Amino acid sequence: MSRQCLWLLSAVLWLVPAAATGSTQANETPHRQDQRQSREGRPQDQRWKWWINPDDRTELGITDQQSAEIDRIFESTLPELRAKSRELDRLEKALSKTMEGVIDVATLTREVDRVEKLRAEMTTTRTVMLYRIRQVLSPEQRPKMEALRARRAEARRKQADRDKDNRH
């Protein structure tokens with residue numbers, strides 16, 4: 001069970017753009033991320049779709065049907081995640097502004113609860129999406145997916161370290 005939770009958490013960090021990078025992009029709103037271009041020339045919100053990429057599909061043994069189903073799940077969930085992300089950004093900005101003033105603790109607590117409730121809803125939506133995607137994969141494909149995810153995460157970590165070193 002804990003291994004499945006670890007896979008889901010890892011996949012969350014891999015699939016969702018704001019959470020996926022260790023760079024300053026994680027603090028950007030989805031709107032600004034949409035406008036950024038990655039080194040590969042695709043918009044930041046167009047994360048690498050391993051279920052469509054021919055090399056990844058071959059490595060994982062993804063069928064056309066699996067690819068189409070995973071894409072359907074991802075694309076049907078994305079608008080909800082983006083809307084919640086925009087709302088979360090708005091609520092966090094409002095909370096920050098509220099905290100600059102003098103307010104009672106009860107009011108602040110209510111506002112923080114609204115922010116954290118929405119954050120929890122986003123996490124639930126992402127986790128359910130990832131679970132549904134995982135269910136499309138066969139038991140043989142799941143460890144291959146984890147290995148691919150781990151390699152990509154390591155490559156991103158190394159790139160972030162290089163970027164960090166180049167800035168200093």
Side-chain angles (χ1 to χ4, degrees), residues 1-38 40 42-53 56-57 60 62-99 108-139 141-153 156-157 160:
M1 176 67 179
S2 65
R3 193 169 173 196
Q4 290 176 340
C5 290
L6 180 60
W7 183 90
L8 284 173
L9 178 60
S10 298
V12 166
L13 296 175
W14 189 55
L15 283 176
V16 180
T21 63
S23 69
T24 58
Q25 293 172 14
N27 296 324
E28 292 181 359
T29 63
H31 169 95
R32 283 179 277 174
Q33 283 183 342
D34 290 351
Q35 295 173 358
R36 289 186 59 111
Q37 295 290 312
S38 71
E40 295 81 23
R42 64 183 183 272
Q44 278 299 113
D45 72 327
Q46 300 291 316
R47 299 303 293 179
W48 191 255
K49 291 184 174 184
W50 51 268
W51 59 91
I52 293 175
N53 177 271
D56 294 341
R57 283 185 59 179
L60 299 173
I62 301 289
T63 66
D64 291 343
Q65 294 81 8
Q66 286 176 308
S67 178
E69 179 63 12
I70 291 169
D71 200 52
R72 187 193 63 73
I73 292 167
F74 181 78
E75 292 297 334
S76 68
T77 308
L78 200 56
E80 180 182 357
L81 284 172
R82 285 182 175 157
K84 286 180 179 183
S85 180
R86 285 189 297 274
E87 179 64 9
L88 181 61
D89 188 48
R90 187 189 68 74
L91 289 176
E92 286 177 332
K93 286 177 182 174
L95 178 61
S96 292
K97 193 170 190 170
T98 300
M99 290 176 64
L108 178 67
T109 301
R110 279 192 303 274
E111 289 194 31
V112 169
D113 284 344
R114 283 179 52 201
V115 168
E116 294 307 321
K117 181 181 177 199
L118 183 56
R119 190 183 321 277
E121 288 174 14
M122 283 183 64
T123 300
T124 299
T125 300
R126 281 192 307 265
T127 302
V128 169
M129 175 189 73
L130 294 169
Y131 177 78
R132 290 174 60 210
I133 288 171
R134 185 178 188 279
Q135 294 307 103
V136 173
L137 300 176
S138 71
Q141 290 169 321
R142 293 172 189 160
K144 293 176 185 177
M145 176 66 233
E146 178 56 29
L148 176 64
R149 188 223 49 85
R151 282 196 321 271
R152 296 263 166 80
R156 281 192 308 275
R157 187 193 63 73

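The structure presented is a predicted model; accordingly, all values stated were derived computationally and were not measured.
- Salt bridge status for D56 with K49: absent, with no side-chain N to carboxylate O gap under 4.0 Å.
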Item to check | side-chain contact (heavy atoms from CB on, under 4.5 Å) between W50 and M145, worked out | outcome: CA-CA 9 Å; W50 51 268; M145 176 66 233; 3.7 Å; yes
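- The distance from the CG atom of L137 to the CD1 atom of I62 is 5.0 Å, given to the nearest 0.5 Å.
- A salt bridge between R114 and E111 is absent, with no side-chain N of the basic residue lying under 4.0 Å from a carboxylate O of the acidic one.
- Taking CE of M122 as the reference point, atom OG1 of T127 lies at 11.0 Å (rounded to 0.5 Å).
- Under the 3.5 Å distance criterion, the side-chain polar atoms of R134 are left unmatched by any main-chain donor or acceptor of R142.
- Within the model, atoms CD1 of I73 and CE of M129 stand 9.0 Å from one another, a figure rounded to the nearest 0.5 Å.
- Between K84 and E87 there is no salt bridge, since no side-chain N of the basic residue sits under 4.0 Å from a carboxylate O of the acidic one.
- Q141 approaches V136 most closely through the heavy-atom pair OE1-O, 4.4 Å.
- The structure places CZ of F74 at 9.5 Å from CG of L130, a figure rounded to the nearest 0.5 Å.
- Considering every non-hydrogen atom in both Q66 and S138, the closest pair reads NE2-N, 3.9 Å.
- Of the inter-residue distances, the one linking T63 atom OG1 with R57 atom CZ reads 7.0 Å to the nearest 0.5 angstrom.
- For the atom pair CD (E121) and CG (L88), the distance works out to 10.0 Å, reported to the nearest 0.5 Å.
- By the side chain to side chain contact (heavy atoms under 4.5 Å, CB included) test, V128 pairs with T124, R132, sequence neighbours left out.
- Looking at S85, its side chain never comes within 3.5 Å of a backbone N or O of L81 through a donor-acceptor pair.
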Next on the checklist: Working note: L91 + L95, criterion side-chain contact (heavy atoms from CB on, under 4.5 Å); need CA distance, chi angles, decisive distance, verdict.
Outcome noted: CA-CA 6 Å; L91 289 176; L95 178 61; over 6 Å; no
